[in-house]
Amino acid sequence: MSPKHSPLVQDEINKRLILNLLIQGAASHVFLTANHLVKDELESIRPGITKLYDKFAISGSLNYCIGEIALWFGRPNYWFGFSRRPRKIFASSPFLSRYMNSLASETTRDLQRRGLKKGVVGIPFLHWLQFIYILTKTYLIDKRLRHRLDDYAAQIVSEIFKIPVTQLDGCITNRVAYAPIRTPKTMIGQMVLSGAVGFGGVQRTGNRFRVVGRAFVFPLLVHELAKGTMELICLHGLNKMSEELYEQVMLEADQLEFETYQLQAGPAAWRHFLEIVPRNCELSKAVMCIAKLPPVTLDRLMTTMMERPSEAAEELELLMELPSV
């Protein structure tokens with residue numbers, strides 16, 4: 001992390017990086033599990049399609065952990081995770097610097113376990129060969145069915161996050177860039193951008209916000225809409241920033257190059273977070289609560305979540321009862 005930032009800006013950047021980790025983790029979790037919410041509808045369109053989507057989601061996620069993307073980027077710690085030294089962007093956050101790599105390893109193990117049950121290869125290189133086949137098959141099927149699948153993606157995300165389906169704008173398309181994309185700072189980031197197969201986020205029209213998702217195939221569209229919905233919820237933690245501070249934080253924290261590490265570690269972080277969310281609590285309210293926390297408080301809560309989850313659960317429950325949060 002560049003030392004030029006003031007402590008205030010640095011703290012807000014650290015907070016945004018943690019929220020981005022959870023945003024990507026939540027989207028990946030939905031990506032892996034949620035097509036079964038509309039299984040009957042999907043199977044009526046094409047029998048066996050949910051099994052293909054299961055394989056696509058597991059294999060696509062593994063590509064960030066053991067596939068070609070992992071080969072290009074490595075792990076959140078230098079030297080593919082064998083070093084204890086975190087990458088600069090995570091070094092200033094106690095939570096991220098300590099747990100990013102172990103969370104990435106946890107995600108990889110979980111995906112490999114899921115893959116064993118679904119017939120997905122979990123061995124580097126062999127996995128990638130199978131993934132290319134699964135990707136091609138999924139793309140060719142969804143290309144013919146795309147107009148029948150868009151609404152189901154919105155239905156899934158609406159049900160999980162309790163967001164009106166009318167606020168979700170999803171589309172399976174080859175033109176995934178629905179808005180100007182921030183130019184990556186590195187050559188690898190530019191390569192990622194050129195090969196992007198989906199984008200999701202929030203668009204504002206006047207005083208109205210809507211979640212937008214664009215992707216090549218149905219499982220990725222669900223992922224992008226979930227990511228955009230999480231982004232919309234997390235905006236509650238940004239709306240008190242000055243415009244200048246907001247731009248500084250977004251410019252430093254929201255870089256395309258960081259998404260690989262967030263997708264490696266995020267799913268495990270999200271599962272840990274789900275374990276401390278109070279029972280019968282709407283997920284969106286829990287996310288909104290932590291998005292409003294001061295940066296240091298959020299970092300401390302996340303660290304407690306990893307080390308003493310029962311204590312973190314009690315703390316989150318108390319925080320959600322406070323009218324000021």
Side-chain angles (χ1 to χ4, degrees), residues 1 17 20-21 23-25 27-29 31-32 54-91 96-116 118-139 176 181-200 215-217 219-220 223-224 227 253-270:
M1 182 70 69
L17 287 169
N20 283 345
L21 178 71
I23 288 170
Q24 295 288 358
S28 295
H29 184 80
F31 176 57
L32 284 167
D54 284 345
K55 287 187 174 183
F56 178 85
I58 295 170
S59 190
S61 298
L62 268 175
N63 201 36
Y64 284 89
C65 299
I66 64 171
E68 59 162 334
I69 298 177
L71 184 63
W72 279 104
F73 283 83
R75 286 286 178 90
N77 289 9
Y78 285 103
W79 303 109
F80 294 88
F82 293 107
S83 167
R84 290 181 176 271
R85 185 161 61 98
R87 296 182 186 274
K88 290 182 180 180
I89 186 64
F90 308 124
L96 296 174
S97 62
R98 182 171 182 180
Y99 289 107
M100 279 289 283
N101 206 64
S102 62
L103 287 168
S105 297
E106 184 180 333
T107 296
T108 304
R109 291 192 298 269
D110 177 70
L111 290 170
Q112 289 172 326
R113 284 193 295 267
R114 291 174 184 264
L116 280 175
K118 300 292 184 177
V120 175
V121 176
I123 302 172
F125 183 70
L126 296 179
H127 150 266
W128 185 78
L129 294 176
Q130 184 190 45
F131 173 62
I132 294 301
Y133 169 75
I134 295 172
L135 172 62
T136 302
K137 184 176 181 179
T138 305
Y139 173 76
V176 296
I181 306 299
R182 182 177 286 114
T183 303
K185 295 182 177 182
T186 66
M187 184 178 296
I188 290 182
Q190 293 171 4
M191 291 173 59
V192 172
L193 178 59
S194 66
V197 293
F199 283 107
F216 274 34
V217 294
L220 283 174
H223 179 281
E224 298 301 338
K227 184 173 72 175
D254 283 23
Q255 296 184 36
L256 187 62
E257 293 91 330
F258 302 155
E259 287 194 5
T260 293
Y261 309 121
Q262 292 157 356
L263 286 166
Q264 289 174 352
W270 180 249

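Just so it is clear, the structure is predicted and the values come from calculations on it, not from any experiment.
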Is a donor on one side and an acceptor on the other found under 3.5 Å between the side chain of Arg87 and the backbone of Arg75? yes
What distance separates Phe125 CZ from Leu129 CG, expressed to the nearest 0.5 Å? 4.5 Å
Over all heavy atoms of both residues, which pair between Ser61 and Leu32 is shortest? Give the atoms and the distance, please. OG-CD2, 4.0 Å
Taking all heavy atoms of Tyr139 and all of Val217, pick out the closest pair and write down the distance. CA-CG1, 3.6 Å
Measure the OH-CG distance between Tyr78 and Asn101 for me, rounded to the nearest 0.5 Å. 12.5 Å
Tightest non-hydrogen contact, residues Asn77 and Pro86, listed as OD1-CA, 3.7 Å
Straight-line distance of Ile69 CD1 to Leu62 CG, nearest 0.5 Å: 11.0 Å
If you look at every heavy atom in Leu17 and Ile89, which pair is closest and at what distance? CD1-O, 3.4 Å
Is a side-chain N or O of His127 found less than 3.5 angstrom from the main chain of Ser59, in a donor-acceptor match? yes
Gln130 side chain to Gly119 backbone, donor-acceptor under 3.5 Å: yes
Hey, can you tell me if Tyr261 and Phe73 have their rings parallel, tilted or perpendicular (30° and 60° cut-offs)? perpendicular
If only atom types and distance count, is the side chain of Ser28 paired as donor or acceptor with the main-chain N or O of Leu263 below 3.5 Å? no
Check whether any side-chain N or O of Asn63 sits under 3.5 Å from a backbone N or O of Trp128 as a donor-acceptor pair, and report yes or no. no
Would you confirm whether Gln112, through its side chain, and Gly122, through its main-chain N or O, come within 3.5 Å as a donor-acceptor pair? yes
Is there side-chain contact between Glu106 and Leu103, with at least one heavy-atom pair below 4.5 Å? yes
Nearest heavy-atom contact between Gln262 and Leu21 is O-CD1, 3.8 Å
Quick one, Glu224 with Lys227, criterion salt bridge (Lys or Arg N to Asp or Glu O under 4.0 Å). Give me CA distance, side-chain angles, the key distance, then yes/no. CA-CA 5 Å; Glu224 298 301 338; Lys227 184 173 72 175; 3.0 Å; yes
Main chain of Gly74, side chain of Gln264: is a donor-acceptor contact present, judged purely on distance under 3.5 Å? yes
